[in-house]
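Reading through the structure tokens given below for one structure.
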Amino acid sequence: MRFIQKMNAKSQLQNAIDAALHGVDFSGVAPETLQVAKATNPQFGDYQWNGALPLAKALKMKPRDIAADVLGRLDVSDIAEMPEIAGAGFLNFRIKTSWLENALNEAQNDARLGVESARETGKFVVDFSSPNVAKPMHVGHIRSTIIGDAIVRLLRFKGHQVVTDNHIGDWGTAFGKIIVGWKSDLDEKNLASDPIGEMERLYKLINERAKSDASVEDLARSETALLQSGDEENLKIWERVRDLSQEQFDRIYALLGIEFDVALGESFYNPRLPALVDELLAEGVARESEGAVAIFSDGKAEPKDDPFLINRDGQWTDFPAIIRKRDGAATYATTDLATLEHRLKEWAPDEVIYVVDARQQGHFRQVFAAFKRWKPEEEMRFSHVSFGTILGDDGKPLKTRSGENVKLQELLDEAQSRALAIVTEKNSAYDDQTAQNIARAVGIGAVKYADLSQNRATDYLFSWDKMLATQGNAAPYLQIAYTRVRSIFRKAQSEGIEMENAPIHLIEPSEIALGKQISRFSEAIDAALVDYRPNALCDYLYELAGSFAAFYRDCPVTQAGAEVRNSRLALCALTARVLQTGLGLLGIETLEQM
RNA sequence: GUGCCUGUAGCUCAGCUGGAUAGAGCGUCUGACUACGGAUCAGAAGGUCGGAGGUUCGAAUCCUUCCAGGCACACCA
């Protein structure tokens, strides 16, 4: 028995099509071309099936004949009007209002708004955010953090098991320099008032000295070695640095409303690395080369698809993944392999998702391929959910005027203060605390939505005006749409109208259109998860707000007669819940008033 | 040089598992304020989908090639 989603017209129609195709030989046709799709144009109805065309090619028949044949065996009478055969052989479906009313009435009595869990739920580990210790979080971290969090929320909503792991950069050669600085130049007062700033100052200071003085470089290296061998004093400094950094992360994550299940930093895997390299050597996955240990091509893939080959001057040459440097230290490829090993052992996930910058694509291709060579029997899948860069007005990666990375805390503070200015300008009646709270939800929501509403593959231009706009595809517009719905209920209440879950009965065209859009919530969530593209859900919510605006214009609610009024109140309540739930899946808050 | 990503309206972006007339927002122009939130809504103008070939009944979408921009290219993460 196929999985049927009650409120999902698309999946129900698909089901009917599949049944009608039973017995038809479509082996020569790609299955995805036989899918029901949303109509490309409202004049063609709500959904369309174009499968007759590819099928006709494979079976050497006329498309319209196939469409007619399918139509003859098709029973969609519960869902849609009898479809028409249009154009070359398209089947166009118009959803019946009776089906829609049923679906909406079920949705309003369902905590999940009619969105069913995934057919097969799985276990996922999602790796995102990954800030570095002793450094301020900056713009470079927002996309990973925000997109990663949204993906996690979406997966969980669909019933999947998810472990979130923040792979913090808390190890590496930079620590030697911080320790050198900590011992010689620590300013306790500074550390107390601005710990991150002080730690960053120490690193920069020593880094600068090391450039001109080789002995400083050597000192840093020996401090690193001491730390790694468990020197008590250095370990204490390192722990202090880590704790102070974690306080910063916690503050920012609290502001963003993001939580992690675990935060196993790079240091967690450190003890495992030497043996891991030996194991890969012993198993023949890696070999020695020029004093280092590295993984080379196994020659099984096409050169251009082989992550361990690179073309240089017309020649395909080795591009190995170094897992032990000449000086004996491991690299981040080694750590990433150890991380995958640990995740497999600890959680046995179906898929590990890395939400990381597109620039690291080459690295991840190597790590994933190396892991497969190491443990070929494992079926764990890997996804690198990559994303582009945030650009400034000049079209170059966003920086401050002095060329520094924009600090995340400062960016979020500015978002809130800009939001506060807008809130107080539009409505000065709020007390301080209320205004601050609205500004927080609006400012943070704007930053998140700006990131999520864009196709993650592309770079995007950072614009305060665009993200804080009360019109267009921006968070404040959607938050306002929510408050406008809620204000209907305030109005109703003030007029003593009783609210109840009345049966929804759709009359006006814009009322039906709103209902249809609500019924597509489930489709939007699925679309957002296909390639991990939250912008699909953003587009849906924006269209929902638009549908509501049309309804709001055409259909009086509180002034209507009791029966129509109650139905419309129920439709409004459902709209609000979908907006709130949908924005919630993006990690964005809604407000009763703003 | 090789690989990956990107090129769609004046600007910012959707659409890219091929489907019937390419969509939004901003900006421009024109309307709707005795208002269930005008922090809003409606309408108009605006495109040889970077160029050229090809596959197909059908291409913004797939293939080839060229042009432009970004990124990455062993012992930093």
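In what follows, chains are A, B, ... by sequence order, proteins preceding strands, each numbered from 1.
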Please determine, for [N], whether a Watson-Crick or G-U wobble partner exists with both distances under 3.5 Å, and give it or none.
N     : value
B/U56 : none
B/G1  : B/C73
B/C26 : B/G10
B/G31 : B/C41

**OP:** Please find out if less than 6.0 Å separates the ring center of A/Tyr354 from that of A/Phe368.
**Re:** yes

Subject >> Whether A/Glu511 side chain and A/Glu508 backbone form a donor-acceptor pair below 3.5 Å >> reply: yes

Original post:
Is a donor on one side and an acceptor on the other found under 3.5 Å between the side chain of A/Gln479 and the backbone of A/Leu583?
Top reply: no

Original post:
Between B/C76 and A/Lys325, is there an OP1 or OP2 to side-chain N/O distance shorter than 4.0 Å?
Top reply: yes

**OP:** Would you tell me if any nitrogen or oxygen in the side chain of A/Arg484 comes within less than 4.0 Å of OP1 or OP2 on B/G38?
**Re:** yes

Subject >> Side-chain donor/acceptor of A/Gln35 to base of B/U17, under 3.5 Å >> reply: no

Remember a base hit wins even if backbone is also touched, and classify [X] as base, sugar-phosphate or nothing at under 4.0 Å, heavy atoms.
X        : value
A/Glu543 : nothing
A/Trp316 : sugar-phosphate
A/Arg553 : sugar-phosphate
A/Arg490 : base
A/Tyr460 : sugar-phosphate
A/Asn535 : sugar-phosphate

Original post:
Quick one: do A/Lys204 and A/Glu208 make a salt bridge, cutoff under 4.0 Å?
Top reply: no

